[in-house]
Amino acid sequence: MITVELDNFSLKQICQSGQCFRMRETEENTYELIAGDQYLKLTQEGTIVTFHCSDVEFLCYWVPYFDIDADYAGYIEKINPRDHYLSAAAECGSGIRILRQDLWEMIITFLISQQNNISRIRGCIDRLCKRYGEQKYSEEGVEYWTFPTAEQLGTATEEELRALGMGYRAKYLVETTRSILSGEVSLEKLYRMCYYRRARQELMKLSGVGEKVADCICLFALHHMDAFPIDTHIRQVLDIHYKRGFPNRRYHGLRGIMQQYIFYYELTGAADIHRTK
DNA sequence: GGCCAGGTGTTAA
DNA sequence: TTAACACATGGC
């Protein structure tokens, strides 16, 4: 167990930011997270965050995962103070972090996310893990299922996935899994690609991966902080608040976190207050 | 009961 | 290059 004081860090906001579907609040200020084949319990009181794991696991795994060493206050300072909308959004979601999640998991997760709502996405992921993942137990005896590997998901048929409630995305899941298993698209190569645009283009070779899903994968797995996923919510914000376009130049290399502040602001309903002003 | 949800692929102009 | 449409399913 390790306890640290962290600024600009909120488990609640990270949990609700819609980038991770395997983290949940189990009780007040207590969260559980499954990442890779790891299970982690976390608690937070104010700026004090407790990671229920060893020092080594914290340093080697969870520090990079939660982007703990990055200076998010510095990101927020770069916001144009005359942009009242973005300033309010960042203030609202100032504890959000861009996680470093598993690439394969993000590909499958955001394939499922398309034309879908958050609660149903969670359900789909849960069913997928229980059906094709591995059952495990934490040190405290909490039961959990790992996210299915490409090999494990490779055993699924389109019919099975439809029966599991994946809808029309079942076909995308089967085809994309095949592309990864065959090596037509290489996860290792994607991890090594330094340029956001290259990775994005490569991801879009996968069935069911368009611009938006590719951007989510780039941001939430590959940590390309310039990725700016445009979904229905963001589209509306751009139409209302950024009629002359989002200031991409100003926020070059930071567009991803700005997108998350906006998305969270819209999702939590805090933006409604702003809009009626 | 329509409408919407972190869109994409296909087809036709 | 752009526009219209189909695609599953659950929650409101």
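Because only heavy atoms are used, hydrogens play no part in the values below, and waters and symmetry mates are left out as well, while side chains stay in. Lettering follows sequence order; numbering is per chain, from 1.
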### Query
Are A/Thr176 and A/Ser207 close enough that a side-chain donor and a side-chain acceptor fall under 3.5 Å?
no
### Query
Taking CD from A/Gln236 and C1' from B/dC3, how many angstroms apart are they, rounded to a whole number?
13 Å
### Query
What do the steps show when you test A/Thr146 against A/Glu134 for side-chain hydrogen bond (donor to acceptor under 3.5 Å, both in side chains), and what is the final call?
CA-CA 5 Å; A/Thr146 60; A/Glu134 260 176 85; 4.7 Å; no
### Query
Which value, in whole Å, describes the distance between the P atoms of nucleotides C/dG10 and B/dG9?
24 Å
### Whether over 12 other heavy atoms sit under 6.0 Å from A/Gln201 CD
no
### Query
What interatomic distance, in whole Å, is found between P of B/dC4 and the corresponding atom of C/dC5?
16 Å
### Query
What is the distance from CZ of A/Arg235 to P of B/dA5, rounded to the nearest Å?
14 Å
### Task
Take the protein atom CD1 of A/Ile234 and the nucleotide atom C1' of B/dG7, then report the distance between them rounded to whole Å.
14 Å
### Query
Which part of the nucleic acid does A/Glu211 contact within heavy-atom distance under 4.0 Å: base, sugar-phosphate only, or nothing?
sugar-phosphate
### Query
Using a cut-off of 4.0 Å on non-hydrogen atoms, how would the nucleic acid contact of A/Gly208 be classed: base, sugar-phosphate, or nothing?
sugar-phosphate
### Message
Any salt bridge linking A/Arg24 with A/Asp126? Criterion: basic side-chain nitrogen under 4.0 Å from a carboxylate oxygen.
### Response
yes
### Query
Just checking A/Tyr264: base, sugar-phosphate only, or nothing, at a heavy-atom cut-off of under 4.0 Å?
nothing
### Task
Go through A/Phe220 and A/Phe110 one step at a time and tell me if the ring pair (Phe, Tyr, Trp, His ring centres under 6.0 Å) criterion holds.
CA-CA 10 Å; A/Phe220 302 138; A/Phe110 282 93; 5.4 Å; yes
### Task
Verify whether one side chain among A/Gln38 and A/Tyr65 offers a donor that lies under 3.5 Å from an acceptor in the other.
no
### Message
Under 4.0 Å, counting only non-hydrogen atoms across every strand here, what does A/Gln260 touch: a base, just sugar-phosphate, or nothing?
### Response
base
### Query
Do A/Gln19 side-chain atoms and A/Arg97 backbone N/O form a donor-acceptor pair below 3.5 Å?
yes
### Query
Contact class for A/Ser17 (heavy atom, under 4.0 Å): base, sugar-phosphate, or nothing?
base
### Message
Please report the distance, rounded to the nearest Å, between CD1 in A/Ile125 and P in B/dA5.
### Response
19 Å
### 5' priority, DNA chain B, between A/Phe110 and A/Met204 [closest heavy atom]
A/Phe110
## Note on the structure
Protein-proximity profile, nucleotides 6-12 of chain C, B/S/- by nucleotide at the 4.0 Å heavy-atom cutoff, equals -BBBB--
### Query
Is A/Leu206 touching bases, backbone alone, or none of the nucleic acid, heavy atoms closer than 4.0 Å?
sugar-phosphate
